[in-house]
Amino acid sequence: MHAWICDNPIGPEALSWKEVPTPQPRPGEVRVAIRAASLNFPDLLIVQNKYQMKPPLPFVPGSEYAGVVDAVGDGVTQFRAGDAVAAFGGMGGFATHACVDAQLVMPLAPGFAYEDAAAFICTYGTSHHALVDRAELKSGETVLVLGAAGGVGTAAIQIAKAVGARVIAAASSDDKCALCRDLGADATINYASANIRDELKALTGGKGPDVVYDPVGGDLAEPVFRSIGWRGRYLVIGFAQGGIPALPLNLALLKGASVVGVFWGDFARREPQRNAQALGELARWYAQGRIKPVLDQILPMPELQAAFARMGSRQVRGKLVLTNP
Ligand SMILES: NC(=O)c1ccc[n+]([C@@H]2O[C@H](COP(=O)([O-])OP(=O)(O)OC[C@H]3O[C@@H](n4cnc5c(N)ncnc54)[C@H](OP(=O)(O)O)[C@@H]3O)[C@@H](O)[C@H]2O)c1
């Protein structure tokens with residue numbers, strides 16, 4: 001098998017694509033012949049040594065992938081060779097094969113494309129947990145999605161529309177805003193050229209959004225939190241801009257608003273049954289055509305470094321996917 005090896009976590013440029021021994025699944029694991037893997041922002045942070053989790057070296061990055069089970073370890077009864085699956089294993093996906101705990105594997109219904117399945121679990125799982133579970137977003141409420149053309153952002157637009165909310169999508173270019181409107185956003189704000197507070201005031205009749213979905217952080221967080229509506233819920237998803245913002249807590253008091261932390265990975269570990277229920281609902285929505293991953297580019301697996309460069313330079317619209325022949 002081949003795998004991208006990280007033995008010096010200074011960035012994607014230090015990764016190397018190597019032939020390595022094919023691993024045997026341990027008890028409770030399955031081995032997946034990977035057809036497609038996708039990039040999530042934490043994959044970039046991990047190879048830069050900037051993520052909270054710092055795996056021992058060397059490691060194979062790649063948190064999420066889909067493919068075909070080609071071997072099962074002792075004690076695995078729910079999968080067998082030939083099953084189509086997707087997995088969020090945290091590691092090992094930028095390769096031709098990976099062994100993963102069978103409990104982290106999702107079976108794929110016929111018709112679920114490998115490219116879509118590889119781009120599904122993390123972004124849709126995160127946005128469903130954030131909007132449906134943590135914010136309890138209701139039909140008719142208004143949600144503002146920041147970084148709305150990115151991976152979790154595009155999933156958030158589709159899930160908010162699926163529950164009947166009004167979506168204001170915000171992104172850094174007119175092109176990205178156009179993509180968000182194509183995905184069903186009711187209104188858009190280009191925060192590189194417009195004053196986001198003025199736009200939010202005009203778009204909500206001065207009330208402010210009920211829910212803010214923020215995967216960007218940095219200098220966007222405080223102005224947006226100042227604009228949130230009464231009983232608003234501010235979802236802390238991530239800090240793609242790099243800076244971790246600080247919010248004046250008097251604003252929470254004045255708006256009766258909540259700052260709500262979202263950590264999907266830990267939710268999935270601590271509450272596996274609720275996560276499985278959410279993924280089941282999302283798979284049904286996919287089969288019904290109500291949600292569909294937005295694929296920015298599909299590249300051959302050996303072009304991982306170009307994919308990382310695209311993500312790091314903020315060009316990605318939706319998800320980047322890498323495939324094996
Ligand atoms: N809390 C959780 O459980 C959870 C789960 C998954 C991901 N996340 C986090 O969510 C964030 C987004 O992840 P993603 O996979 O959706 O990434 P992504 O596809 O790259 O999207 C990130 C968006 O952030 C914006 N951005 C602003 N400044 C940026 C910069 N300096 N570099 C790159 N992007 C920048 C970009 O939109 P504009 O150009 O339009 O500003 C971009 O579309 C990350 O911080 C990630 O760690 C959190």
Side-chain angles (χ1 to χ4, degrees), residues 11-12 37-48 50-53 61-64 88 90 118-135 144-159 168-181 183 185 188-194 196 212-221 224 234-245 259-271 275 278 293-297 307-321:
S38 78
L39 262 70
N40 289 296
F41 205 80
D43 297 322
L44 179 59
L45 298 177
I46 287 173
V47 302
Q48 293 170 326
K50 290 183 183 168
Y51 196 57
Q52 59 250 38
M53 185 196 50
S63 47
E64 185 170 17
F88 186 82
F120 194 75
I121 297 180
C122 178
T123 47
Y124 286 87
T126 297
S127 294
H128 189 283
H129 173 50
L131 294 171
V132 177
D133 183 13
R134 300 293 282 128
L144 168 68
V145 179
L146 301 177
V152 295
T154 48
I157 294 174
Q158 294 180 7
I159 289 169
I168 301 174
S172 67
S173 71
D174 290 341
D175 276 5
K176 287 186 176 183
C177 288
L179 168 70
C180 297
R181 284 192 297 277
L183 294 176
T188 53
I189 302 172
N190 175 346
Y191 46 62
S193 59
I196 194 162
V212 173
Y213 181 97
D214 183 6
V216 179
D219 58 12
L220 274 177
V224 163
Y234 189 98
L235 295 165
V236 182
I237 308 294
F239 313 104
Q241 209 188 80
I244 297 185
V259 177
V260 182
V262 176
F263 189 179
W264 172 74
D266 243 34
F267 162 70
R269 269 185 293 277
R270 291 168 186 264
E271 302 179 53
N275 183 50
V294 177
L295 303 187
D296 175 74
Q297 287 188 350
F308 270 132
R310 193 166 165 79
M311 174 169 265
S313 59
R314 219 168 153 173
Q315 296 175 65
V316 182
R317 283 142 178 76
K319 294 276 290 178
L320 277 163
V321 169

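Here, residue 1 is the first one in the sequence, and each next residue gets the next number. Both counts, for ligands and for their atoms, begin at 1 and track the order of listing.
Within ligand 1, the atoms closer than 4.0 Å to a non-hydrogen atom of Pro215 are 10 (O), 11 (C), 12 (C), 45 (O), numbered from 1 in the order shown. Near Phe263, meaning under 4.0 Å from any of its heavy atoms, are these atoms of ligand 1: 3 (O). For ligand 1, the atoms sitting less than 4.0 Å from at least one non-hydrogen atom of Ala171 are 40 (O), numbered in the order shown with element in parentheses. Listed by number with element, the atoms of ligand 1 under 4.0 angstrom from any heavy atom of Gly150 are 19 (O), 21 (O), 43 (O). Of all atoms in ligand 1, listed by their number and element, those nearer than 4.0 Å to a heavy atom of Ser172 are 38 (P), 39 (O), 40 (O), 41 (O). Listed by number with element, the atoms of ligand 1 under 4.0 angstrom from any heavy atom of Lys176 are 37 (O), 38 (P), 39 (O), 40 (O), 43 (O). Near Trp264, with a cut-off below 4.0 Å to any heavy atom, the atoms of ligand 1 are 2 (C), 3 (O).
Nearest heavy-atom pair, Cys122 versus Glu64, reported as atom, atom and distance to 0.1 Å: N-OE2, 3.0 Å.
Note: Thr188 OG1 to Lys176 NZ = 13.5 Å, rounded to the nearest 0.5 Å. In this structure, the separation between CD1 on Ile189 and CD1 on Ile196 is 4.5 Å, given to the nearest 0.5 Å. A distance of 10.5 Å separates OG1 of Thr126 from CG of Leu131, quoted to the nearest 0.5 Å.
For the pair Asp219 and Pro245, the minimum side-chain heavy-atom distance is 4.5 Å or more. Using a 4.5 Å heavy-atom threshold, the side chains of Lys319 and Leu39 count as separate. Under the 4.5 Å side-chain criterion, counting only non-hydrogen atoms from C-beta, Leu146 is not in contact with Tyr213. At least one side-chain heavy atom of Arg310 sits less than 4.5 Å from a side-chain heavy atom of Asp296. Between Asp43 and Pro61, the closest side-chain pair of non-hydrogen atoms is not below 4.5 Å. Contact annotation: the side chain of Val262 never approaches that of Val236 to less than 4.5 Å [non-hydrogen atoms, C-beta and beyond].
An N or O contact shorter than 3.5 Å links Phe239 to ligand 1 by distance. Residue Val216 has no nitrogen or oxygen atom sitting less than 3.5 Å from a nitrogen or oxygen atom of ligand 1, judged on distance alone. Residue contacts with ligand 1: Val262 is placed with a nitrogen or oxygen under 3.5 Å of a nitrogen or oxygen of the ligand (distance criterion only). Remark: ligand 1 and Gly151 share an N or O pair separated by less than 3.5 Å (distance only, no angle test). Considering backbone and side-chain N/O of Val152, one or more are found under 3.5 Å from N/O of ligand 1. Looking at Phe41 next to ligand 1, an N or O pair under 3.5 Å apart turns up. The shortest N or O to N or O distance between Asn40 and ligand 1 is not below 3.5 Å.
Counting only distance, with no hydrogens or angles, the side chain of Ser127 and the backbone of Tyr124 share no donor-acceptor pair below 3.5 Å. The backbone N or O of Gly261 lies less than 3.5 Å from a partner atom in the side chain of Arg134, making a donor-acceptor pair.
The closest protein non-hydrogen atom to atom 22 (C) of ligand 1 is Ala240 CB, 4.0 Å. When only non-hydrogen protein atoms are considered, atom 41 (O) of ligand 1 lies nearest to Tyr191 OH, 2.6 Å. Scanning the protein for heavy atoms near atom 8 (N) of ligand 1, the closest one is Ile237 O, 3.8 Å.
Contacts between Thr126 and ligand 1 below 4.0 angstrom, taking non-hydrogen atoms only, involve the side chain exclusively.
The residue among Lys319, Gln315, His129, Arg314 with a heavy atom at the shortest distance from atom 27 (C) of ligand 1 is Arg314.
For the pairing with Phe88, the ring pair (Phe, Tyr, Trp, His ring centres under 6.0 Å) check across Trp264, Phe120, Phe267 returns one residue only, Trp264.
Residue Pro42 places a heavy atom under 4.0 Å from ligand 1. Using a 4.0 Å cutoff on heavy atoms, Phe267 does not count as a contact of ligand 1.
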